[in-house]
Visitor: 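Right, I'll just put the structure down here and ask away after.
These numbers come from a predicted model, not from an experiment. Throughout, numbering of the chain's residues begins at 1 and tracks the sequence.
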Amino acid sequence: MTTLLTGATGFLGSRLLLGLLATRGRHVTVLGRGTVSELRSRVLTILDGLAGGRLGVQARSRLRCVGGDVTRPWLGLAPAVYGRLVREAEAVWHCAGDIALTGERERLFRANLHGTERILEFVAATQPDCRLVHMSSVAVAGGRRSGVVAEEDLTDAFGFETHYDESKYRAEALVRDWARRLGRPVTVLRPGIVASQSAHRDGMPGHPLRVLGDMIGTIARNGAPGIPPAVFLRGNGTGLRLRLRVPADAEFNIVPDDHATEAMLRIGHDAAEKLGSGVRTCHVVHPGQTPMRLIVEAIEVQHFGLTLDCVGDLPDPTPAESFVAGHLPGFLSYCHHRRVYGRQSALEWTDGLPDPAPIDRDYLARAMGFTGAAPHTG
């Protein structure tokens, strides 16, 4: 018997795969695009990077790769292969998805909703005790901007900030309805913004804060409309001031990847036998919110000459301000949220796991890829 995992080359999926192989001793079949040899090569490269080149022989021997596509009928597999995986699966971790906040609706729905439909068809054909772990997101709360979002809450009454939010909401709603109709055991994981302060290596999957840091770095080096190249290097007080239409007291829920991974493994794997039938939903979040001002400070320290002002309104935006707003619509829309996330169920199923340390400016700088580059001082 084995665990089937999708999304193994993504940021969270790869970390969960390493945990299942190396610390939980599981046999895992990875479903992904490309030939078997291509997929295995990509997966092992990522795992070796995460393990610091110390991925053991035993862990490697427990990994099997199958070329397929979650958006296609029969997962893009030959009937014989599909049938064999159905017979072998005792758990399915569905981590595949499109996380582009500004992605096109059709593309996001194809990956996040229709891909989930195909996975549910697969799990429905397995033995009744085969467990499904579905990777959702706190973004399913959509346009809700205040209050406490409980783990059992799922509504579209507040609308959605982005197509990504809606695609994840509809996928989770589909999973819950499927579990109720079939009486199947399902664990739904809703992580916050998962970030890593580890040094980034080529070929490794990125995370939202790293994407933000890379975009800012690209603008700093190459310029953009209204932003001359290397403008941030000026030390004579004539650098660049940018206004962001963001509340000054904006906050985010950012959770370190090591804590998020361990919490999800404890919930989805270690406590699996205690679930029985039904749906268990857990917020994998930080107990404290991270102020936007810390993100701003981390960016300003790295890019001397750049000043970021968070403002409630943005009349007459400059070309530079319009460019930044046009490239960060999803991120900026989330800045208006004041909601927090209940985690009663997550705490129950991760008893004894210490809370992560508070997120500080240095952590944010490392997460955005600023480590190793001395701040500009003019």
Side-chain angles (χ1 to χ4, degrees), residues 1-10 12-44 46-47 55 58-98 110-136 171-172 174-175 178-179 181-189 264-265 267-270 272-273 275 277 279:
M1 302 300 284
T2 187
T3 295
L4 178 72
L5 184 141
T6 69
T9 56
L12 279 176
S14 59
R15 283 155 173 78
L16 291 168
L17 174 59
L18 179 62
L20 289 169
L21 290 171
T23 63
R24 266 63 180 182
R26 300 300 301 159
H27 286 84
V28 182
T29 297
V30 166
L31 175 72
R33 290 176 177 156
T35 66
V36 171
S37 60
E38 290 169 345
L39 178 60
R40 184 175 179 86
S41 177
R42 292 201 311 272
V43 169
L44 286 176
I46 293 172
L47 293 180
L55 183 65
Q58 288 300 317
R60 288 172 178 266
S61 70
R62 289 191 287 266
L63 172 67
R64 184 172 62 181
C65 295
V66 176
D69 185 341
V70 297
T71 68
R72 296 176 58 192
W74 300 89
L75 303 180
L77 301 171
V81 177
Y82 189 91
R84 174 169 55 80
L85 294 181
V86 161
R87 293 190 298 272
E88 294 176 348
E90 61 180 350
V92 175
W93 287 66
H94 179 42
C95 304
D98 192 328
R110 182 172 60 251
N112 297 339
L113 179 58
H114 302 312
T116 299
E117 289 177 330
R118 301 286 84 80
I119 287 295
L120 293 178
E121 291 171 355
F122 175 87
V123 181
T126 64
Q127 293 298 314
D129 59 348
C130 179
R131 306 181 307 275
L132 171 63
V133 181
H134 173 70
M135 186 63 66
S136 187
E172 184 178 325
L174 188 71
V175 167
W178 177 89
R181 286 189 292 104
L182 275 63
R184 298 294 294 262
V186 174
T187 299
V188 175
L189 300 172
M264 289 189 279
L265 288 169
I267 296 166
H269 180 273
D270 298 354
E273 69 281 358
L275 175 60
S277 61
V279 179

Visitor: Quick check for you: to the nearest 0.5 Å, what is the distance between Arg60 atom CZ and Leu21 atom CG?
Guide: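 Rounded to the nearest 0.5 Å, the CZ-CG separation comes out at 10.5 Å.
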
Visitor: Please report the closest heavy-atom contact between Leu77 and Gly67, naming both atoms and the distance.
Guide: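 Where Leu77 meets Gly67 most closely, the heavy atoms are CD2-O, 3.2 Å.
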
Visitor: What side-chain donor-acceptor pairs closer than 3.5 Å can you find for residues 120-128, not counting sequence neighbours?
Guide:
residue : atom : partner : partner atom : Å
Glu121  : OE1  : Arg118  : NE           : 3.0
Glu121  : OE2  : Arg118  : NH2          : 2.7
Thr126  : OG1  : Val123  : O            : 2.6
Thr126  : OG1  : Arg184  : NH2          : 2.9

Visitor: Under 4.5 Å between any side-chain heavy atoms of Leu4 and Val66, yes or no?
Guide: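 No. Closest side-chain heavy atoms not under 4.5 Å.
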
Visitor: Within the distance-only criterion (no hydrogens, no angle test), does the side chain of Thr116 pair as donor or acceptor with the backbone N or O of Asn112 below 3.5 angstrom?
Guide: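 A pair under 3.5 Å: yes.
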
Visitor: Excluding sequence neighbours, so at least two apart, what forms side chain to side chain contact (heavy atoms under 4.5 Å, CB included) with Ser14?
Guide: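 Ile46, Leu50, Pro205.
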
Visitor: Please report the C-alpha distance between Leu39 and Arg42 in whole Å, then the side-chain angles of each, then the deciding distance to 0.1 Å, and finally whether the side chain to side chain contact (heavy atoms under 4.5 Å, CB included) criterion is met.
Guide: CA-CA 5 Å; Leu39 178 60; Arg42 292 201 311 272; 3.4 Å; yes

Visitor: So how far is it from Thr3 OG1 to Arg24 CZ, rounded to the nearest 0.5 Å?
Guide: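 Atom-to-atom, Thr3:OG1 and Arg24:CZ are 12.0 Å apart.
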
Visitor: Please report the shortest heavy-atom distance between Ala96 and Val70, naming the atom on each side.
Guide: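 Between these two residues, the closest heavy atoms are CB-CG2, 4.3 Å.
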
Visitor: Using 0.5 Å steps for rounding, measure from the SG atom of Cys95 to the CZ atom of Arg15.
Guide: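 Going from the SG atom of Cys95 to the CZ atom of Arg15 covers 12.5 Å.
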
Visitor: Hey, is the main chain of His27 close enough, under 3.5 Å, to the side chain of Thr2 for a donor-acceptor pair?
Guide: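 Looks like yes, one N/O pair under 3.5 Å.
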
Visitor: Going from CG on Leu75 to CG on Leu85, what distance comes out if it is rounded to the nearest 0.5 angstrom?
Guide: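 Rounded to the nearest 0.5 Å, the CG-CG separation comes to 8.5 Å.
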
Visitor: Could you tell me the separation between the OG1 atom of Thr35 and the CZ atom of Arg40, rounded to the nearest 0.5 Å?
Guide: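 Output value for this atom pair is 12.5 Å.
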
Visitor: If you define the side chain from C-beta out and look only at heavy atoms, does anything of Leu63 sit under 4.5 Å from Leu44?
Guide: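 Contact flag for Leu63/Leu44 side chains = yes.
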
Visitor: Please enumerate all residues that pass side chain to side chain contact (heavy atoms under 4.5 Å, CB included) together with Arg131, with sequence neighbours excluded.
Guide: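 Ala91, Pro185, Ala272.
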
Visitor: Which heavy atom in Val92 sits nearest to a heavy atom in Cys130, and how many Å separate them?
Guide: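 Closest pair (atom of Val92, atom of Cys130, distance): CG2-SG, 4.1 Å.
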
Visitor: Applying side chain to side chain donor-acceptor pair (under 3.5 Å), can you list everything that pairs with Thr29, at least two apart in sequence or on another chain?
Guide: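 Here the qualifying residues are Arg64.
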
Visitor: Do Trp93 and Thr187 come within less than 4.5 Å of each other through their side chains, counting heavy atoms only?
Guide: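 Sidechains of Thr187 and Trp93: no contact.
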
Visitor: Which atoms form the tightest heavy-atom contact between Gly68 and Leu31, and what is the distance?
Guide: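 Minimum heavy-atom separation between Gly68 and Leu31: CA-CD1, 3.7 Å.
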
Visitor: Walk me through whether Trp178 and Val279 qualify under side chain to side chain contact (heavy atoms under 4.5 Å, CB included).
Guide: CA-CA 10 Å; Trp178 177 89; Val279 179; over 6 Å; no

Visitor: Provide the full list of side chain to side chain donor-acceptor pair (under 3.5 Å) pairs with a residue in residues 71-84, sequence neighbours left out, each pair given once.
Guide: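 Residue pairs passing side chain to side chain donor-acceptor pair (under 3.5 Å), neighbours aside: Asp69-Thr71.
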
Visitor: Roughly how far, to the nearest 0.5 Å, is the CG atom of Leu189 from the CG atom of Leu12?
Guide: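 Here the interatomic distance stands at 9.5 Å.
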
Visitor: Name all residues meeting the side chain to side chain contact (heavy atoms under 4.5 Å, CB included) criterion together with Ala8; count only those two or more places apart in sequence or in a different chain, and write none if there are none.
Guide: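 Partners of Ala8 by the side chain to side chain contact (heavy atoms under 4.5 Å, CB included) criterion, ordered by chain and then number, come out as Leu5, Leu17, Val30, Val43.
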
Visitor: Do Leu265 and Asp270 have side chains that get closer than 4.5 Å, going by heavy atoms?
Guide: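 When only atoms from C-beta onward are counted, Asp270 and Leu265 do not touch, as no gap falls below 4.5 Å.
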
Visitor: Does the pair Leu55 and Leu18 meet the rule for a side chain to side chain contact (heavy atoms under 4.5 Å, CB included), with working shown?
Guide: CA-CA 9 Å; Leu55 183 65; Leu18 179 62; 3.7 Å; yes

